[in-house]
Each structure stands twice: as C-alpha cells, then as structure tokens.
Peer 1: 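Quick one: the structure is below, questions incoming.
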Amino acid sequence: MSNESLASLLKEERRFAPPAALAAEANVTAEAYEQARADRLGFWATQARRLSWETEPTQVLDWSDPPFAKWFADGRLNVAYNCVDRHVENGHGDRVALHFEGEPGDTRSLTYADLQREVSKAAHALTELGVQAGDRVAIYLPMIPEAVVSMLACARIGAPHSVVFGGFSADALATRIHDADARVVITADGGYRRGKPSPLKPAVDEALTRPGTENVRSVLVVRRTGQEDLAWTEGRDVWWHDLVDRQPEQHTPQAFDAEHPLFILYTSGTTGKPKGILHTTGGYLTQTSYTHHAVFDLKPESDVFWCTADVGWVTGHSYIVYGPLSNGATEVLYEGTPDTPHQGRWWEIVQKYGVTILYTAPTAIRAAMKWGDDIPAKFDLSSLRVLGSVGEPINPEAWVWYRKHIGADATPVVDTWWQTETGSIMISPLPGVTEAKPGSAQVPLPGIAATVVDDEGNEVPDGAGGYLVLTEPWPSMLRTIWGDDQRYRDTYWSRFAGRYFAGDGAKKDEDGDIWLLGRVDDVMLVSGHNISTTEVESALVSHPKVAEAAVVGAKDPQTTQAICAFVILRGGQEQGADEAGLVEELRAHVAKQLGPIAKPKRILPVSELPKTRSGKIMRRLLRDVAENRALGDVTTLTDASVMDLIQAKLPAAPSED
Ligand code: WT7
C-alpha cells in the first residue's frame, strides 16, 4: 500500500458514539474485552454455557495438532434442540420464530412450537429415507421456511447438510453433490424471483445425470410454485407434503459430539475447484450464538431481526438459522429481490413487521442509494435500532447514507468482517460500546485475535497496511476443507507460519483500528505502487455524482497496470450529457483524494455492474473488458446482459494525462 493513498483513507474523520440508551442496556459492555484478554479460553468456556449441553464440556481448546482444532471436545449436544426445543421448554412456544414473506406477497408465521413440529416431522422423514448420522444431505431450495426446517432436521439427526445456493447451475450443483457424496437432495419445484416462478427441480434432474452423483437415493421436493409438467423419477422423487406431513410430531433429539460435522459449505474463490468448508457443532454454535447476541445486541423478547442474505451463503447459515434461532429470536425470512414489485419492498417489510435489527450487504445499500433517498423516506423505519453490514468493504459514503436514510441518523451501524471459513463474525464494532468510524470494521471481538502483517509476517505498526491474519484459533473456525486436509493447510496456514491467512488486505489506523481493503488479489500494481481497488472505488463514490464504482487494474506497457474504473451515476444524474467533462471531473477528484498515482487512466460510466448473486463484483469480467479480451465464464452472473451494455461502451477513447 502506498503511504500517500493509505494516509488519504485515514482522512475519514466522522465519528459516531453509541446512543446512550442503547449503551446503558447493551448485552455486552467494554468489560467483555477485559475478561477475554485476561483469560481467552475461560471467556469462550463461559460463552459455551449459553448453550444447553447434554454433557457439559470440561475441555475448551485442543490445539495439539495444528491447524486441526478441537473445541469443547468432550461435550455433547444437539444443535436443533438448542435452536428450537429448549425455547419451547422455556415457555416461548408461542413466540414467532419466522415471519416468512414470499415474493408474491404470501405470508406464513411459524412460532417456536410450530418449528419444533416441522423440524421433528422432517427429521423422521429423512430417517425414513435412510439418512443416518454422518450421511450428507444436499439442500437446493428457495428462501422458504422449508429451507430452515431442512437444515435443522439434518442437524437434529447428525446428517451434515450442504446447502447449494438456488441460483447455481446444474453443473455447480452436481460438482457439490459429488464432492460431498450426498445421499439425498432436498429441493422445490421452484421459487419466486423477480415476479415469476423460477424452476429448481429441473436443475436437480440434470445434475443427477452427471457422473459422481449416483449415490443420491432420494429427492425430496417441496411444492412452492405449483408448476405443471414437472419431470418425476418414480422411486427417487418424493413430495415433501406426501412424506413429511404424515410423520409424528414428536422426535427425541440425540446428542452428538461437539466436533461432529454440522455442515459443508462450498466457497468458489477465484481459482480452482470449490472448497468444501467444514464446520462442526459445539464451537460453531457457541460463536454464532455469542456474536449474534453481542454484535446485534439482540433482545429476544422485543427485537425483530432481519438478515437479508440467502440461506445458501454462510451469512444465512450463521445469522438466519443458527445464531438467531439459538438465541430464541423472532426474524423475517424474505424470498425475493429488493425491487420486486417495487424499489421500496424492503422498507415496506421493515415497516410491516417492525424490524428492529437489519443485517445486509454494501451492494444492497448502494443499490438503494442509486434508487434515491425518497424511496425509503416513504416508509416508517422508526423501529430500527441497529444496522449491520457484511460481505465486502463498505465505503464511508454508503455507511453514512445507510445510517442517515435507513437509521434516522441515529442507529449504530456495525460493519462486520468475517468469512465462510471463520463461521461467525470476527471483527466488528459493538453497538453499545464502540465509537464508530464509517468504513472500518475496527476491532476484533472479545476472544478473537487478529492483526495486520507485512510480506515477511511482521506485525505492521499503527498507520500501516499489509495482510489480515488471525493469530489464535477461534471456536467457529473451519476444521478443514472436506476431503482435502493438505489444501486446508496450504490455503490458510502456510503463508504465515502458525497464523491463519485470510486473503484480505488490511491496514491499521493510528488508533489501531482495522480497515479491510478487499481480497489481496484485488490489489493493483501501478508504477511500483500497490493500490487497492477498494480505495479507488471509495474515492470515486465519495463524489456526489457517483453511486457505485468498480475498479480493476488492466495490463499496461508503461505502468505495469493501469487503473480502469466503471462507475454508476447517482439517481437523477443525466447520463451522456457531458460525459467527457464528468469523467475528467472524477479523475481529478480521485487524484485529489488519493494522490496522482491513483488517478484512473480510464473511467467508463455504465448503467449496471456485473455481479454474482451474492453481490460480489466480478472484477475478472471487467478486467477482460478493460484488456479487450473475450469474456470468460459468465454463468454465475445475475444478469448476463449487463456485459453487453458495458462492452458497448468500449470504443470510448481512453483519456490521456
Ligand atoms: C470475504 C469473505 C462473511 C459473510 C459473507 C461473505 C469480504 C466480508 C467484510 C467486511 C470488508 C468483507 C472479505 C472476506 N468481507 N465482510 N465487513 N469488510 N470485507 O463470505 O463469501 O466467504 O467472503 O468477504 O474479503 O474475505 P465469503
């Protein structure tokens, strides 16, 4: 990271103290940091007592064979019992667990007692299909209550689930079924997306024709869209309503070892075959439960929590299913897209259910900024009291917009850094404790150890940048890559001896707070300077006319790489009026913010950016465009026509200095 560009990001001087009322009643106070510092393992042993164990653990961490950790190894528990039954036993059977809102507007509310019945029946059904503890079950469902019920039913019988995001193709599904050697697939005829039924079952049928998927005995199918002409394989396919509905409503949960596998979740990354990230039981549930309680300050009696992620991502696993339900939360589950049937849909849902805590991604926040301030302003959002962000660095402008236009300029915003691999939130402000800095995830949570190191692995001083590492094992850490211990060692534990390499660039400011700069493979090399794509994007969106920006480094004969930016203009900005003038204005703006070295060589105003369904910008495709190459694989794009629009812009001559 060049010193001048580092210095400029640190110019963000806005500070937001926690609201006094929230701080006074906060679940977690500054004392937690002290306790964890004094006795880190004792701190986690205390947090493990948030759960109900059939056999209380006496061990905390076993790190005798690094990097293979065991947490609470002699404890035994059942995850579904912790997420469902114990709340009913504690007298909360009538509390709503899930407010389901379908995209077409159909709704269903499930109380904890309802959830207990549904999960019990589904557990019996899986057993009837021959699923035993240890067998893998693939789940390929839309965002409907059956997705949550299926995950909990698997957990209840000790069958690790592998949830495959419903937007993935038959190929991606087949690869994942094969790698995990799944025995049963749970799917639906389809789900609703952008106002119409979007089929799922045909992709399962296709996936199951691929080699390596032969061990799938049964496909359990939820009827969601009622599409006709569904292909059906007798003896393999079975309707959920035929099998699950006739099962007994009581099911006795059996305890499993704390290190029993809970789920596999595949992350694609930029290269190579997807990695099956393996999470286990006791440590994972301890940390998801604790972080959900601490970071969102959840009060289960009064809060309504809404995490907008899909259950197909880790955010959905940890903060729709395991964290909130282990804490007895009431939450919203929404099937569809934010702009169907109108761009105020999310805000309408917040108003309807009185959502108090909202957890979403920067890409959604920037989309809302682009659609305009007047849209959320039409709804009553006064129930909101904590806002969260996850998935990528949130630029300060989006952070401040989120707080101002969604949070009534009053609610704390928690920028939470973590990964599929970490299982739970690792670096984040605490809403009742931390004085917030827009754009920074700030500090490791109590009990978590993280820092920033240079190429040689030396910790950098405050004010400098490098790579984010985690220096101590944590309860919800991945245990390995499914079937590939060596790849687990190589990917995460060999870059810096004894420390976990997260793959993210980061810097520490003068207060020692951590700022995430994006994946290290997203750093550009310009005339000998390392410049992060995030920094330039952040500088661009700090200009009032820019809503969103994506920056890539394109090969350049003079400077190694040249900075090429794609920008979406804010709502109300006229496109095309004086594009050349605007481009010059933006280039000058970046030069002023970050220094002349970071001035983009090219800036292309576009109407959309290529994104995966999880909202990550596909820089690889933008690099193809910037380097005038044929496009690579576009199958994971939400909307492939975006690339045609972008390529149509190409003839625009690069501006010269
Ligand atoms: C990568 C992990 C964690 C659930 C969703 C993504 C980036 C995540 C932040 C944040 C800056 C962030 C990192 C990380 N990331 N949260 N608050 N600030 N960057 O899970 O798909 O495993 O991606 O997302 O680059 O390594 P994932």
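Numbering of ligands and ligand atoms starts at 1, following listing order.
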Peer 1: Specify side chain, backbone, both or neither for Pro393, according to which of its non-hydrogen atoms lie closer than 4.0 Å to ligand 1.
Peer 2: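 Within the 4.0 Å criterion, Pro393 contacts ligand 1 through backbone and side-chain atoms alike.
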Peer 1: If we only count N/O pairs under 3.5 Å, is Ser389 in contact with ligand 1?
Peer 2: no
Peer 1: Do any N or O atoms from the side chain of Ser440 and from the backbone of Ile514 form a donor-acceptor pair under 3.5 angstrom?
Peer 2: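 Indeed, once roles are kept as given, a pair shorter than 3.5 Å links the two residues.
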Peer 1: Checking Thr420 against Tyr266: is there a side-chain donor and acceptor pair closer than 3.5 Å?
Peer 2: no
Peer 1: Classify the side-chain pair His293/Asn27 by whether it contains a donor and acceptor separated by less than 3.5 Å.
Peer 2: yes
Peer 1: Any N/O of Thr315 closer than 3.5 Å to an N/O of ligand 1?
Peer 2: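 Looking only at distances, the answer is no, because the N/O contact criterion of under 3.5 Å is not met.
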Peer 1: If you measure from CZ on Phe165 to CE on Met143, what distance do you get to the nearest 0.5 Å?
Peer 2: 9.5 Å
Peer 1: Whether Arg519 and Asp504 form a salt bridge (side-chain N of Lys/Arg under 4.0 Å from carboxylate O of Asp/Glu) is what I want to check.
Peer 2: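 Yes, Asp504 and Arg519 are salt-bridged.
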Peer 1: When you compare the side chain of Tyr284 with that of His317, does any pair of heavy atoms fall below 4.5 Å?
Peer 2: yes
Peer 1: Determine, for Glu397 against Arg14, whether the closest basic-nitrogen to carboxylate-oxygen distance falls under 4.0 angstrom.
Peer 2: yes
Peer 1: Counting each atom of ligand 1 from 1 as listed, which ones have a heavy atom of Asp415 under 4.0 Å away?
Peer 2: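 Ligand 1 atoms under the 4.0 Å threshold to Asp415: 10 (C), 17 (N), 18 (N).
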Peer 1: Is the shortest side-chain N to carboxylate O distance from Glu259 to Arg479 below 4.0 Å?
Peer 2: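 Answer for the salt bridge query: yes.
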Peer 1: Closest by any non-hydrogen atom to atom 14 (C) of ligand 1: pick that one out of Ile427, Val414, Asp504, Leu265.
Peer 2: Asp504
Peer 1: Report, in ascending order of atom number, the atoms of ligand 1 lying under 4.0 Å from any heavy atom of Thr416.
Peer 2: 9 (C), 10 (C), 16 (N), 17 (N)
Peer 1: Would you mind telling me if ligand 1 is within reach of the side chain of Thr420, the backbone, both or neither, using heavy atoms under 4.0 Å?
Peer 2: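 The answer is both, backbone and side chain.
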Peer 1: So is Gly391 touching ligand 1 or not, going by heavy atoms under 4.0 Å?
Peer 2: yes
Peer 1: What atoms of ligand 1 come closer than 4.0 angstrom to any heavy atom of Val390?
Peer 2: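 So the atoms of ligand 1 that pass are 3 (C), 4 (C), 16 (N).
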Peer 1: Would you check whether Trp313 reaches within less than 4.0 Å of ligand 1, judged by its heavy atoms?
Peer 2: no
Peer 1: Report the part of Glu392 (side chain from C-beta onward, or backbone N, CA, C, O) that has a heavy atom under 4.0 Å from ligand 1; answer both or neither where that applies.
Peer 2: backbone
Peer 1: Quick one: does ligand 1 sit under 4.0 Å from the side chain of Val314, the backbone, both or neither, non-hydrogen atoms only?
Peer 2: side chain
Peer 1: Would you check if the distance from the ring center of Tyr500 to the ring center of Trp493 is below 6.0 Å?
Peer 2: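 Yes: the rings meet the under 6.0 Å criterion.
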Peer 1: Could you tell me if any non-hydrogen atom of Thr267 lies under 4.0 Å from any atom of ligand 1?
Peer 2: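 No, Thr267 has no heavy atoms under 4.0 Å from ligand 1.
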